[in-house]
Amino acid sequence: QVQLVESGGGLVQPGGSLRLSCAASGITFSTYTMSWYRQAPGKGRELVATVTVGGGSTNYADSVKGRFTISRDNTMSTMYLQMNSLKPEDTAVYLCYARSVILISGRSMEYWGKGTLVTVSS
């Protein structure tokens with residue numbers, strides 16, 4: 001079975017830091033582009049950051065650029081999100097997303113984690 005399991009969420013004060021992890025199993029991790037999404041209360045799902053299969057290229061939403069860093073360790077089948085200078089508007093459920101670069105029957109495989117809650121509040 002395929003599993004994406006997020007961890008590291010919690011309550012943090014504005015200006016603080018947190019590191020999220022996404023541990024993958026049941027997939028060939030090094031063939032999947034990995035992303036972090038977030039969904040704030042009453043809001044739609046937002047793409048936060050993406051990292052390519054080898055970790056050589058990253059992209060960030062403007063709202064987190066300069067504060068968040070996405071990375072991956074293919075030997076550990078794990079993706080990370082280092083979050084610094086956190087703001088109340090970063091409060092959301094953060095979700096792990098995997099999409100295969102290898103196509104099966106002409107389409108990529110995609111999987112979602114269940115999410116971990118980050119609350120930024122004083």
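Given the structure is predicted, the values throughout are model-derived calculations rather than measurements. Because only heavy atoms are used, hydrogens play no part in the values below, and waters and symmetry mates are left out as well, while side chains stay in.
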*Kindly give the cluster partners of L11, where membership spreads through any ILVMFWY side chain lying under 4.5 Å from a current member.*
none

_Under the rule for salt bridge (Lys or Arg N to Asp or Glu O under 4.0 Å), what residues qualify as partners of R45, not counting sequence neighbours?_
none

*Looking at I70, L81, N59, which hits side chain to side chain contact (heavy atoms under 4.5 Å, CB included) with V51?*
I70

*Working to the nearest 0.5 Å, report the span between CD of Q39 and OH of Y94.*
12.0 Å

_Any side-chain to backbone donor/acceptor pair from R72 onto T78? Under 3.5 Å, distance only._
no

_Distance (rounded to the nearest 0.5 Å) between L4 CG and S77 OG_ = 10.5 Å

*With a 4.5 Å limit on heavy-atom distance, are the side chains of W36 and L95 in contact?*
no

*Could you state whether L86 and V64 fall into the same hydrophobic cluster, counting links through intermediate Ile, Leu, Val, Met, Phe, Trp or Tyr residues with side-chain heavy atoms under 4.5 angstrom apart?*
yes

*Under 3.5 Å: donor-acceptor pair, side chain of T91, backbone of V120*: yes

*Supply the atom-to-atom distance Q13 CD to S121 OG, rounded to the nearest 0.5 angstrom.*
8.5 Å

*side-chain hydrogen bond (donor to acceptor under 3.5 Å, both in side chains) against T75, all qualifying residues, sequence neighbours excluded*: D73

Distance-only donor-acceptor hits, side chain of residues 107-114, under 3.5 Å, sequence neighbours excluded:
residue	atom	partner	partner atom	Å
S108	OG	R99	NH1	2.7
E110	OE1	Y97	OH	2.9

*Return each pair, listed once, that meets salt bridge (charged side-chain N to carboxylate O under 4.0 Å, His left out) where at least one residue sits in residues 74-89; pairs must be two or more places apart or across chains.*
none

All N/O donor-acceptor pairs, side-chain side in residues 14-35, below 3.5 Å, sequence neighbours left out:
residue	atom	partner	partner atom	Å
S17	OG	N84	OD1	2.9
T31	OG1	T28	O	2.8
S35	OG	T50	OG1	2.8

*asked:* Applying side-chain contact (heavy atoms from CB on, under 4.5 Å), can you list everything that pairs with S63, at least two apart in sequence or on another chain?
replied: R38, E46, A61

*Establish whether V2 and I104 are linked, either directly or via other cluster members, by ILVMFWY side-chain heavy-atom contacts under 4.5 Å.*
yes

_Quick test of your reading: applying disulfide bond (SG atoms under 2.5 Å apart), list the pairs with at least one residue in residues 53-82, sequence neighbours left out, ordered by first then second residue._
none

_All side-chain contact (heavy atoms from CB on, under 4.5 Å) counterparts of K65, not counting sequence neighbours_ = Y60, D62

_Donor-acceptor contact present, side-chain Q82 to main-chain F68, <3.5 Å_ = no

